[in-house]
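To find a chain, count down the sequence lines: A is the first, B the second, and so on, and within it residues start at 1. Since the structure is predicted, the reported quantities are computational estimates derived from the model, not experimental observations.
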Number of protein chains: 2
Amino acid sequence: MADVAERAGVSTSTVSRTLRGLSTVSPEIRARVEQAARELDFAISRRAASLVTGKTGTVAVLVCTLNSWFMGSALSALGPMLRAADLELNLYVVPDMAERAAFFERLPARRNADALLVFSFDLTEEETSRLDDLGMPVIYVSQHVDGRPSVYVDDVAGALSGTRHLLNLGHRRIAFLQAVGDSGFSFSSSERLLGYQQALTEAGIPLDEDLVVTTPFPDKHGTARALGQLLSLREPPTAVFAEHDEAAVATIRALRAAQIGVPEQMSVLGFDDHPVADLFDLSTVAQSPSDIGRTAGELALRLINDSDADHAQHIVLPSHVIPRATTAPLLQPQSRGQEQTGSP
Amino acid sequence: MADVAERAGVSTSTVSRTLRGLSTVSPEIRARVEQAARELDFAISRRAASLVTGKTGTVAVLVCTLNSWFMGSALSALGPMLRAADLELNLYVVPDMAERAAFFERLPARRNADALLVFSFDLTEEETSRLDDLGMPVIYVSQHVDGRPSVYVDDVAGALSGTRHLLNLGHRRIAFLQAVGDSGFSFSSSERLLGYQQALTEAGIPLDEDLVVTTPFPDKHGTARALGQLLSLREPPTAVFAEHDEAAVATIRALRAAQIGVPEQMSVLGFDDHPVADLFDLSTVAQSPSDIGRTAGELALRLINDSDADHAQHIVLPSHVIPRATTAPLLQPQSRGQEQTGSP
DNA sequence: TTGAAAGCGCTAACAC
DNA sequence: GTGTTAGCGCTTTCAA
């Protein structure tokens with residue numbers, strides 16, 4: 001910076017003021033400084049700046065993996081959003097329990113970020129309270145934590161509308177397919193099940209535990225097995241509501257392999273509006289991970305800049321049913337169902 | 001840090017030495033300092049440290065999106081790798097041309113990272129040379145740039161082996177399906193086409209331009225259209241080599257919709273070993289994005305720590321053919337082909 | 001509107 | 001093995 005100051009014939013203070021865009025610099029000097037900076041390829045060292053301002057200009061993001069549609073979409077939206085606010089994005093990838101323990105033990109983000117975004121973890125009480133005294137706003141994304149700022153989709157309401165959609169089509173025997181990932185049940189999973197149950201209850205349909213089946217995911221044959229349970233019931237379902245689209249697609253494939261027409265003999269509904277949903281013409285309950293990412297970023301910004309902001313605010317994002325070709329009225333084959341015939 | 005020093009009854013230098021793990025601290029003092037640090041929840045400010053060491057302790061990563069299997073896997077491996085080396089990961093997401101221009105205009109990573117990893121961009125000469133005077137090692141990942149450190153899979157060799165596999169199965173009419181994404185042809189695309197052509201040439205088979213078809217991707221009906229071209233040739237292919245697995249899966253679905261048996265009447269080969277490949281039992285040429293990510297991180301580390309290291313080194317990672325159920329010998333139905341029958 | 005000087009929190013060089 | 005001191009590159013008073 002001293003070089004720039006010398007070249008422009010001003011003090012470092014003036015260079016600093018110019019580069020920060022303060023209006024207290026006369027136009028001619030500003031021009032001189034900017035040119036000098038350009039000629040010397042000078043860029044501010046945020047680290048030196050943060051030392052004196054006390055702000056790091058960085059948002060930390062904690063994720064367990066990036067290898068999913070949800071994470072990919074959310075971060076692809078969060079990144080540019082933060083960049084627009086001139087914030088750096090510091091990524092912590094914590095794929096297993098060991099690394100997770102290490103993260104919470106050392107909390108490397110401490111003093112190195114202005115806020116932390118925690119994505120889709122199911123944190124223990126202990127972990128949550130550990131984050132409480134991190135000395136920065138912590139935003140919980142895609143999960144709700146009482147008393148802490150959170151951003152998420154209302155999975156209960158989403159599953160409720162999805163199930164209502166099936167009910168409105170005349171289905172009464174509706175199965176719910178839980179897909180358990182490597183890390184055990186997720187938060188969304190139980191919320192979605194809850195919405196399903198609520199819808200049945202409000203329709204006066206008694207809950208039948210046999211209609212709720214669980215399969216490991218991803219697992220090539222697990223879905224077929226789960227389906228087998230349903231199809232061998234005394235009164236099999238006429239519709240399957242899968243916890244997420246990928247499980248729904250696996251269901252469709254298993255059904256077609258068993259020569260069971262979708263949606264003629266079985267309606268299938270997913271959740272997420274994952275890209276495969278469009279590909280398979282799957283009816284689904286859509287959520288928008290990019291909205292989640294962006295909204296979380298905006299909340300972070302607000303909490304950073306405004307210490308009076310509500311530090312327990314929950315932002316609940318909407319979901320909506322997208323009827324496509326895999327749900328149809330009960331016992332009443334539709335023309336749109338025939339487009340599907342013979343297609344894999 | 002002063003607080004910790006006071007609490008432990010030592011100087012800040014000793015605290016610094018202890019926390020950095022230097023061996024020049026006596027065990028008893030070390031214990032005192034560590035306890036004091038723990039009690040005060042003290043963590044080093046990397047930003048203050050970097051000011052004096054000149055190292056930022058950060059690796060910057062430039063990506064255009066995170067929303068792909070490749071990026072997700074690569075970063076999910078890179079993250080923990082960097083963490084193990086006690087480096088922060090600073091992510092720059094540059095989804096469109098405007099943001100890209102802004103990035104190269106301002107180069108926000110300048111002075112704020114020790115190295116830059118550029119993922120899967122097709123950079124212009126100008127952009128590359130702009131990065132040259134960034135003052136830090138720049139590693140090109142999943143692309144090769146002459147004279148700069150690069151990490152990538154040998155797409156030519158991969159496509160060569162893939163095509164040879166089809167040739168060895170007796171196929172002589174082999175189509176190549178190019179899948180053009182939103183951003184136009186990618187580097188890999190043309191390399192893979194080249195490998196395909198090389199294999200045919202070495203087998204003494206003249207190149208037939210009609211066998212190379214192009215489809216937009218993702219596009220629900222594009223693949224069927226491209227397939228239509230192939231199937232209406234005077235001498236249709238008996239095998240299709242798709243540029244990547246997702247296009248291969250689309251091809252399989254289009255073929256099955258048209259009642260053309262895979263692999264009985266048409267072999268289909270993909271590239272990548274994307275998760276869908278396993279799901280669809282798709283034969284493919286496998287690459288490992290996580291290896292790419294990890295290797296790139298290791299190279300970055302080497303270039304950061306050893307200024308004598310070769311700054312033009314290209315690391316080429318292997319790919320290998322994984323035969324699954326979608327490729328079979330020409331005109332000679334196999335038992336493994338029958339497993340497929342009736343399955344969607 | 002600009003400059004001089006102090007100091008952010010840390011590490012490194014040197015002395016003990 | 002430990003403490004003292006100087007200074008990394010910035011921003012921020014404060015004075016001019």
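For A:R17 and C:dT2, the CZ to C1' distance is 6 Å, given to the nearest whole Å. Distance CE (B:M1) to P (C:dG7): 18 Å, rounded to an integer number of Å. As rounded to whole Å, 12 Å separates atom C1' of C:dG9 from atom CG of B:D3. As a whole-Å value, the separation of A:L40 CG from D:dG9 P is 14 Å. Rounded to an integer number of Å, the gap from CD1 of B:I44 to C1' of C:dA12 is 14 Å. Atom-to-atom, CG of B:L19 to P of C:dC10 comes out at 9 Å; the value is rounded to the nearest Å. A straight line from CG of B:L51 to P of C:dG7 spans 17 Å, rounded to a whole angstrom. Separating the CG atom of A:L22 from the P atom of C:dT2 is a distance of 12 Å, rounded to the nearest angstrom.
Atom CG of A:D133 sits in a crowded spot, with more than 12 heavy atoms from other residues, nucleotides or ligands closer than 6.0 Å. The environment of A:D306 atom CG is dense: over 12 non-hydrogen atoms of other residues, nucleotides or ligands sit within 6.0 angstrom.
Candidate nucleotides D:dG3, C:dG3, C:dT11 were compared by shortest atom distance to the side chain of B:A49, and C:dT11 ranks first. Nearest to the side chain of A:T12, among D:dT11, C:dC10, D:dT2, sits D:dT11. Looking at the side chain of A:S16, the nearest of the listed nucleotides C:dT11, D:dT2, D:dT12 is D:dT12. Nearest nucleotide to the B:S45 side chain, out of D:dT11, C:dG9, D:dG1: C:dG9. Picking from C:dT11, D:dG3, C:dT2 the nucleotide with the shortest atom distance to the side chain of A:S26 gives C:dT2.
Between the side chain of A:R111 and the base of C:dG9, no donor-acceptor pair under 3.5 Å is found. A donor-acceptor contact under 3.5 Å is not formed by the side chain of B:R47 with the base of D:dG9. A donor-acceptor contact under 3.5 Å links the side chain of B:S13 to the base of C:dA12.
Side chains of B:S76 and B:S73: a donor-acceptor N/O pair is absent below 3.5 angstrom, by distance only.
Nucleic acid contact class of A:R20 (heavy atoms, under 4.0 Å, all strands): base.
A:R46 has a carboxylate O that lies under 4.0 Å from a charged side-chain N of A:E88, or vice versa, which qualifies the two as a salt bridge.
Using a 4.5 Å heavy-atom threshold, the side chains of B:F70 and B:Q287 count as touching.
Using a 4.0 Å cut-off, some side-chain N or O of A:T14 falls inside it from OP1 or OP2 of C:dG3.
Each of B:A48 and B:I29 was matched to the nucleotide of DNA chain D holding its nearest heavy atom; the match closer to the 5' end belongs to B:I29. Between A:R30 and B:A43, the residue anchored closer to the 5' end of DNA chain C is A:R30, taking for each the nucleotide with the nearest heavy atom.
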